[in-house]
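In what follows, a structure is listed as structure tokens, so that the remarks can point back to it.
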Number of protein chains: 4
Amino acid sequence: MAAERTTKGRAPHRRNEEARLAVLHAADDLLVEKGFGGVTVEGIASRAGVAKQTIYRWWPSKVDILLDTLVEDAGRALAPRQTGPAVDAVRRYLRDLARFLTKEPAGRVLLALVGEAQHDAAVAELFRERYLEPQRERERALLVRGIQEGDLPDGLDVDGTWDVLCGPIVFRALTGVQIPKSFVDRLVDGVLGPAKAA
Amino acid sequence: MAAERTTKGRAPHRRNEEARLAVLHAADDLLVEKGFGGVTVEGIASRAGVAKQTIYRWWPSKVDILLDTLVEDAGRALAPRQTGPAVDAVRRYLRDLARFLTKEPAGRVLLALVGEAQHDAAVAELFRERYLEPQRERERALLVRGIQEGDLPDGLDVDGTWDVLCGPIVFRALTGVQIPKSFVDRLVDGVLGPAKAA
Amino acid sequence: MAAERTTKGRAPHRRNEEARLAVLHAADDLLVEKGFGGVTVEGIASRAGVAKQTIYRWWPSKVDILLDTLVEDAGRALAPRQTGPAVDAVRRYLRDLARFLTKEPAGRVLLALVGEAQHDAAVAELFRERYLEPQRERERALLVRGIQEGDLPDGLDVDGTWDVLCGPIVFRALTGVQIPKSFVDRLVDGVLGPAKAA
Amino acid sequence: MAAERTTKGRAPHRRNEEARLAVLHAADDLLVEKGFGGVTVEGIASRAGVAKQTIYRWWPSKVDILLDTLVEDAGRALAPRQTGPAVDAVRRYLRDLARFLTKEPAGRVLLALVGEAQHDAAVAELFRERYLEPQRERERALLVRGIQEGDLPDGLDVDGTWDVLCGPIVFRALTGVQIPKSFVDRLVDGVLGPAKAA
DNA sequence: TTTTAATCGAGACGGTACGTCTCGTCTTAAA
DNA sequence: TTTAAGACGAGACGTACCGTCTCGATTAAAA
């Protein structure tokens, strides 16, 4: 990750952690306050009290800054929790996803990056590498456990299923439609079958 | 549509249809060739052989131009066809949607506008009014007929169902994943039940 | 004058005199109110309640409009009066010139055209033909009479003398310096000799 | 001068002298080649290989650019030389002035600025401050010395006399009339008296 | 009285230049 | 060597006028 070279294992050799955080937060704040168009490198620099050059030294573009904040935030807010029956874990995860997308500032960052990926193939690639793939990897584990535990059919198309599960939620978020818990529940019931026990 | 005032009823006083089409096509072409960032009013003007002022006279922004092309193209390519069993009509429509999003130039316009809507609330509103709502209205009719003909349950949540059906397809298109026919078919089977007869 | 083609030869009949005057006055007013830069064909048209095309039909450019007003106004205000001793007539004429340039709106038009002639060779030529030469012709008569009546030396360089007489007055007007009567009087005394008789 | 902030006192912090000169020369060239109307900020920028913003950063308008070139050029070409009898020095200065106005490129700049001053009161003021007044101050010294040395009458109206001397020369230059040396000589003889000695 | 031809107002059109904005790079001096 | 500060080339923004070109509507002569 562009932003991590810092105080890693061996030899710090400069780089101001304070400045790095100031930049990430400034970018985040600007996006929430004024939308993606309001996020400019110049604006970030001035709000973070940092020189433009300092930003360009460490991040190739503003998209990379936003990706850094997204990876950090989503790493926390969208970490699948492997407890209870797999289907319940999926349901829990999708509820987290819905909340993240519609309620949290970092959710706006994710949607903005999905948006920007439509405008620029390089962003699309970066977004896939830094967010989509790693996140999907974490998601897979949930379904894989369900298969192993016999709650889900053996031949299940894991990626296809996740697209069917995430798709409607992301679609609603992108089009500004509310996502009640019931929507998520019915979705999970429809796709994975209703809660096993009953 | 902003672009229609032309040769309406009698003769309101002008508007060059040729210029209008040149602008729409130029915008379309630029988007496909260079992405959303490559669509500039100046670029459109020069490619269309039109004065910038002519563009600003009729369209408030480049987004409105793209919306005009989208509405025109989607009106053709995404018109639901009410023939055969309702579920089959839905399946046919979703296949059209998948093809539109992944194969046709106008599909890139749609995705770009979804993207831009994430960056700008005004665009989001416009996009909803000019595309999402009218298109959803046309979609509703498909499911409503299915309910009337007894192929679908009475209490079906029509909008929710459409979000569940479109969501995965749009999500795959947005993330650059292929959409084979089988993906659409399994989706429809899962959500509306497998083809009736068989 | 550019405005005369009308009621020529037989009787094609046409051309709106009202519009012609409205244009001349609008141009005049705009020049006085907002300076030469504020004189635009569009501005004249809108203030005169006239279509742009009507202006272009009768005048090749805004400079021609201003020349029309100048010729009309200067024809009245700067007509040399051939009464009394020639030197007194010259003095009277120069006082008129000073007053015209510094006090009357039409004087602003003259200065503006002198100015524009510095920017555009075609304007310079037009200005010379339509104003400078005819006016100089009228001026010459004053000195020529003085020579004939013996008040002025036989070999007098008429044009050179007029340049020496007008130069300082026009120069002061161009540089925004006051022109008291005494300045004119001393100028005439210095160049043509003090009042003869006294 | 607007252009001098550069390498002043101790720690100027920027300003590209190369760009500054390129702009001045480009403006100068354009004026001579295409007239005042051909001097556009865009044209200057492109010819000077400079960004428009760089021009707007340092000059409020194209007039200020031309004033910079004028002040620099006139400072050299129109510096009065205080040698020999005062009347002779005046004569020499006026010959320089005539040559400057009719032969040198920088003279076209002066005339263009006199012209533009007629169109715009702000330009008139600027022109007075930056050129007319400083130049007049230098001119005064010539006549003042003549008074001190007894070559010129004690009560001489210095500014009025300069207007009478410069007026005819500037007038001829503005109206595109030749200015032979004899014209200047007769002017000086008429106003200051013929060369003392003879 | 009808025709017909030029004028009028209105305003769209292809252009050029405006002055502003933001981009990403480059330069400077201080720490 | 890295910082903050900020000048630089580049180029799009949206606006103002340019001069040309329809368009109906009006008007006055000739038919």
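Residue numbers start from 1 in every chain, and the chains themselves are labelled A, B, ... in the order their sequence lines are given, proteins ahead of strands. Just so it is clear, the structure is predicted and the values come from calculations on it, not from any experiment.
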Checklist entry - Hey, can you pull the residues of residues 114-126 of chain D with a non-hydrogen atom under 4.0 angstrom from DNA chain F? => result none

Checklist entry - From F:dC8, E:dC18, F:dC18, pick the nucleotide closest to the side chain of C:Tyr56? => result F:dC18

Checklist outcome for this item: Sorted by position of nearest nucleotide on DNA chain E, 5' first, the leading residue of A:Ser61 and B:Ala19 is B:Ala19

Checklist entry - With respect to the phosphate group of F:dC8, does any side-chain polar atom (N or O) of D:Arg57 fall under 4.0 Å of OP1 or OP2? => result yes

Next on the checklist: According to side chain to side chain donor-acceptor pair (under 3.5 Å), who are the partners of B:Thr54, at least two apart in sequence or on a separate chain?
Outcome noted: none

Item to check | Set of residues satisfying side chain to side chain donor-acceptor pair (under 3.5 Å) with respect to C:Ser46, sequence neighbours excluded | outcome: none

Next on the checklist: Can you list everything that forms a side chain to side chain donor-acceptor pair (under 3.5 Å) with B:Asp120? Sequence neighbours excluded, please.
Outcome noted: none

Item to check | Close residues, residues 25-44 of chain C, relative to DNA chain E [heavy-atom separation under 4.0 Å] | outcome: none

Next on the checklist: Can you tell me if C:Trp58 touches the phosphate of E:dT7, counting only side-chain N or O atoms and a distance under 4.0 Å to OP1 or OP2?
Outcome noted: no

Item to check | Within-4.5 Å side-chain heavy-atom neighbours: C:Glu116 and C:Phe36 | outcome: yes

Item to check | Sidechain-backbone polar pair: B:His119 side chain, A:Gly35 backbone, donor-acceptor under 3.5 Å | outcome: no

Checklist entry - Taking atom P of E:dC13 as reference, at what distance in whole Å does atom CZ of B:Arg20 sit? => result 12 Å

Checklist entry - Under the side chain to side chain contact (heavy atoms under 4.5 Å, CB included) test, which residues partner B:Gln53, sequence neighbours left out? => result B:Tyr56, B:Arg57

I'd like a table of donor-acceptor pairs (distance under 3.5 Å, sequence neighbours excluded) in which one partner is a side-chain atom from residues 21-29 of chain C, with atom names and distances.
{"from": "C:His25", "atom 1": "ND1", "to": "C:Leu21", "atom 2": "O", "distance (Å)": "3.3"}

Item to check | Partners passing side chain to side chain donor-acceptor pair (under 3.5 Å) against D:Arg47 (at least two apart in sequence or in another chain) | outcome: D:Glu33

Checklist entry - Among all residues two or more places apart in sequence or in another chain, which pass the salt bridge (Lys or Arg N to Asp or Glu O under 4.0 Å) test with A:Lys52? => result A:Glu42

Next on the checklist: Within residues 47-55 of chain D, which residues have any heavy atom lying less than 4.0 Å from an atom of DNA chain E?
Outcome noted: D:Lys52, D:Gln53

Checklist entry - Atom CD of A:Glu18 and atom P of F:dT2: how far apart are they, to the nearest Å? => result 18 Å

Next on the checklist: D:Ala124: which residues meet the side chain to side chain contact (heavy atoms under 4.5 Å, CB included) condition with it, sequence neighbours left out?
Outcome noted: D:Ala117

Checklist entry - Whole-Å distance between E:dC18 P and D:Trp59 CH2? => result 15 Å

Item to check | Separation of atom CD1 in D:Ile65 from atom P in E:dG19, rounded to whole Å | outcome: 10 Å

Checklist entry - Who are the side chain to side chain contact (heavy atoms under 4.5 Å, CB included) partners of B:Glu129, not counting sequence neighbours? => result B:Glu125

Next on the checklist: With a cut-off of less than 4.0 Å, is there a side-chain N or O of D:Arg15 near OP1 or OP2 of E:dT28?
Outcome noted: no

Item to check | Whole angstrom value for the distance that separates P of E:dA17 from NZ of D:Lys62 | outcome: 10 Å

